Amino acid sequence: VSPRSRDPHPEQLEPYLAGARLLLEAPAPGRRWSPAGGAGISGQVVLEDAADAFPLVHRLRTELRADPAGPALHLLAGLGRGEEMEASRLAIDAFRTLGRKRRHLTQALTSDADANVVLGAFCRTLDSLVGGWTEAQWQAVHRRDRGETLQRIGQDLGIAYQNVSKRLIAARYALLRDVLAAASLTFVKA
């Protein structure tokens, strides 16, 4: 998780990181979290099911941005697919490429070069979608991902449910769900 330079110091970010940290640290079948230490949240997640990788990254992002009063935190994610050692190496390589590509937040690598091309396109699409969201759209997406109805989200936010729908349409939520599903399928099949 990377704060922007104008955001508060790391110790002031802790309340905004709590939800994401809780998500990572909570025991979950088929998931192992190994923190790396340092400011923010840094570490490695090992998943038994590769299909869980993209949805987990998305869930962490929406958790980090759910509070519109909070800083605009960005989750950088390098994903690797394969046996544990190979997957770890690929994930590190994927993460390192993000430093060279300024606006990219997500990169996935596998041992299949063709799948990597497709995954690269999916990652850029996901990054492009979330990169343009307003704080209001982050709020709506976060709540919708949790299964809340438009009416319930509207009540929570103090707006009409039609305005929740408009926020989700503006965020291109249906496309986001499709791209997450396609990226997950490609990652599993690689």
Side-chain angles (χ1 to χ4, degrees), residues 1-4 7-8 10 12-81 87-88 90-92 94-99 101 103-109 119 122-148 168 171-173 175-184 187-188:
V1 175
S2 172
R4 298 175 306 190
D7 286 333
Q12 296 171 318
L13 294 174
E14 196 54 41
Y16 301 105
L17 298 174
R21 190 180 310 283
L22 183 63
L23 178 63
L24 288 168
E25 292 174 354
R31 183 177 75 210
R32 188 175 72 242
W33 163 246
S34 303
I41 299 174
S42 180
Q44 179 183 43
V45 177
V46 176
L47 301 168
E48 279 182 23
D49 187 355
D52 295 337
F54 282 94
L56 178 61
V57 167
H58 172 69
R59 187 163 175 214
L60 286 165
R61 284 188 173 133
T62 59
E63 194 64 43
L64 289 167
R65 299 294 296 271
D67 183 355
L73 297 169
H74 299 281
L75 175 72
L76 303 178
L79 307 174
R81 171 87 166 99
S88 181
L90 290 168
I92 290 167
F95 187 79
R96 286 183 180 149
T97 66
L98 294 173
K101 298 175 181 176
R103 291 183 307 260
H104 297 288
L105 303 173
T106 316
Q107 179 66 32
L109 293 175
L119 286 166
F122 285 139
C123 289
R124 287 188 305 280
T125 302
L126 290 169
D127 293 349
S128 176
L129 287 170
V130 303
W133 287 351
T134 65
E135 294 305 322
Q137 289 165 341
W138 279 104
Q139 279 184 304
V141 168
H142 177 256
R143 285 172 170 79
R144 189 65 171 162
D145 282 348
R146 292 177 140 189
E148 293 182 19
L168 293 171
R172 303 180 72 187
Y173 187 72
L175 176 61
L176 170 82
R177 302 303 310 166
D178 289 346
V179 173
L180 283 171
S184 293
F187 201 52
V188 167

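Small disclaimer: the values here were computed from a predicted structure and weren't measured. Residue numbers count from 1 along this sequence.
Remark: Leu23 CG to Leu17 CG distance equals 12.5 Å, nearest 0.5 Å. With values rounded to the nearest 0.5 angstrom, Arg81 atom CZ is found 11.0 Å from Leu90 atom CG. Taken from CG in Asp67 to OH in Tyr16, the straight-line distance is 5.5 Å, to the nearest 0.5 Å. Taken to the nearest 0.5 Å, the NE2 atom of His74 stands 7.0 Å off from the CG atom of Leu105. Separation of atoms OG (Ser128) and CG (Leu176) is listed at 11.5 Å; rounding is to 0.5 Å. With rounding to the nearest 0.5 Å, the separation of CG in Asp49 from CG in Asp52 is 4.5 Å.
Judged purely by atom type and a 3.5 angstrom limit, Ser184 uses its side chain to pair as donor or acceptor with the backbone of Leu180. With hydrogens and angles disregarded, a donor-acceptor distance shorter than 3.5 Å links the side chain of Gln137 to the backbone of Thr134. Between the side chain of Arg31 and the backbone N or O of Ala26 there is at least one donor-acceptor pair closer than 3.5 Å.
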Using the side-chain contact (heavy atoms from CB on, under 4.5 Å) rule, take Glu148 and His142 through it: C-alpha gap first, then chi angles, then the decisive distance, then the call.
CA-CA 9 Å; Glu148 293 182 19; His142 177 256; over 6 Å; no

Step by step, work out the side-chain contact (heavy atoms from CB on, under 4.5 Å) result for Thr106 and Phe95.
CA-CA 8 Å; Thr106 316; Phe95 187 79; over 6 Å; no

Would you please test Cys123 and His104 for side-chain contact (heavy atoms from CB on, under 4.5 Å) and show each step?
CA-CA 8 Å; Cys123 289; His104 297 288; over 6 Å; no

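A salt bridge between Arg172 and Asp178 is absent, with no side-chain N of the basic residue lying under 4.0 Å from a carboxylate O of the acidic one. Ionic pairing of Glu63 and Arg146 is present here: one or more N-O contacts between side-chain nitrogen and carboxylate oxygen are shorter than 4.0 angstrom. Between Arg32 and Glu48 there is no salt bridge, since no side-chain N of the basic residue sits under 4.0 Å from a carboxylate O of the acidic one.
Shown here for Trp33 and Leu24, the closest heavy-atom pair between the two residues is CB-O, 3.4 Å. Between Ala77 and Val57, the shortest heavy-atom contact is CB-CG2, 3.9 Å. Heavy-atom minimum distance, Ala171 versus Leu129: O-CD2, 4.3 Å. Phe187 approaches Ala53 most closely through the heavy-atom pair CE2-CB, 3.8 Å. In plain terms, the two heavy atoms of Val130 and Trp138 that are nearest each other are O-CZ2, 3.7 Å. Across all non-hydrogen atoms, the minimal contact from Leu64 to Ala20 is CD2-CB, 3.7 Å.
For the pair Pro71 and Leu13, the minimum side-chain heavy-atom distance is below 4.5 Å. In this structure the side chain of Leu60 never reaches within 4.5 angstrom of the side chain of Arg21, judged on heavy atoms.
Checked options Leu76, Thr97, Asp127; the residue passing with Gln107 is Thr97 (criterion: side chain to side chain contact (heavy atoms under 4.5 Å, CB included)). Each of Leu56, Leu75, Leu73 was compared with Arg61 under the side chain to side chain contact (heavy atoms under 4.5 Å, CB included) criterion, and only Leu75 meets it.
Not counting sequence neighbours, the partners of Glu135 by the salt bridge (Lys or Arg N to Asp or Glu O under 4.0 Å) test are Arg65.
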